[in-house]
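Just follow the structure's listing: the first ligand is 1, and inside any ligand the first atom is 1. Only heavy atoms go into these numbers, but all of them, side chains included; no hydrogens, no water, no symmetry mates.
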Amino acid sequence: MRLALKPALSRSWRDSDTLQFGTVQRYAGVVERADKTLCDFLGLLDGTRERPELLAAGERVGLGRDPADALLDELEQAGLLDDADAVGAALGRYPQPHRDLLGPDLASLSLVHSSPGAAPAVLARRADLRVEVRGAGRVGAALAAVLAAGGAGAVTVVDNGRVGPGDCSPAGLPPGDVGRLRATAAREAVQRASARRPAPSGGRVGKGPPDLVVLAPRDGSGAFAGGTYAARELLRAGVPHLYVGVVEEIGVVGPLVVPGVSACGHCLVLTREDEDAAWPRLLAQLADDGPGRARTPACDTALATAVAGLAALHVQLYLDGLRPPSVDGWSEISAGDGMSRRLRLKGHPDCGCLWQPLPPPN
Ligand SMILES: [Zn+2]
């Protein structure tokens, strides 16, 4: 393991001999008694040396072997060190020029996953992930592109029909795509975002179900609706899935359903029904506006972009092994006041999705 000070962290002097790594004080690491000798030693942490070489160098610059050893431990515990070999190996999973684009993403991961080599391991795992996005509207196409940019190895977008003006957004499908097949346009958006050359097949298609499915219906009221037939299929197959959409002036991210572990879309329907007995009746009519009524579903571009970004973050957090707030809950962003809030969702006792299976008979 070749040790390097994390390039994500800024370096500034708190006073004449106290060095602070990082800008946000809550997370910053501080090195005290940072004299010239110590700074010379820190300069050697550039990812070209293994620990034994560093200890020998510590002796050479006049710091001493044991103090150098203790300092390395301290820096590691403060989350300031990364493993340059692992960084190289993780980025090596991606073709150029995507590799260069991922530098800042990996720098960010290095702050979230702090021990040396942890962040590169997370990025390397992302290279093998498959995510399916259903719906290539203003939210879905942007979300797919963001996930691809963030390093998800294969992002497929499922949709049919042709791109309409309401599907376009600066983060997803450009206005020049109006009239093209939505699935093709979305595939190209994903390829652009990950700087890949267009491939007619749509990239790598792995075996088995994807690691996660995002349900991003173009008319966001579908995402608000919860337990659809497609969602039940995913639940049965044990595939984690996330509801995302813009409903009128509200952006919704969640719930992220981990089958058998967290509350599902049907739990949400039942919870809404407890609060509003007419909800199932309204739900049944969502798709049908009746004859002669042209409807333009509301979808603010800024809101849709925020929702796509937030949803991509939640997907990444979950697939990186953390628990985003859309598990057993959902996040809402309002176009009315720009506020975001998180709401809790409990498994509904009548749903059954969290019932434990009976033990097998002896
Ligand atoms: Zn449920």
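Judged as a salt bridge (Lys or Arg N to Asp or Glu O under 4.0 Å), and not counting sequence neighbours, the contacts of R341 are E332.
A donor-acceptor distance shorter than 3.5 angstrom exists from the side chain of Y94 to the backbone of G151, with no hydrogens or angles considered. The backbone N or O of P116 sits nowhere less than 3.5 Å from a side-chain atom of D83 that would complete a donor-acceptor pair.
In summary, no N, O or S atom of H348 is located under 2.8 Å from the Zn ion (ligand 1). Using a cut-off of 2.8 Å, one finds that C264 contributes an N/O/S atom close to the Zn ion (ligand 1).
Cluster partners of L55, by chain and number: M1, L3, L5, L9, W13, L19, F21, V31, L38, F41, L42, L44, L45, L54, V61, L63, L71, L72, L75, L80, L81, L111. The rule joins Ile, Leu, Val, Met, Phe, Trp and Tyr whenever side-chain heavy atoms lie under 4.5 Å apart.
Remark: at the Zn ion (ligand 1), atom SG from C351 and atom SG from C353 enclose 110°, rounded to the nearest 10 degrees.
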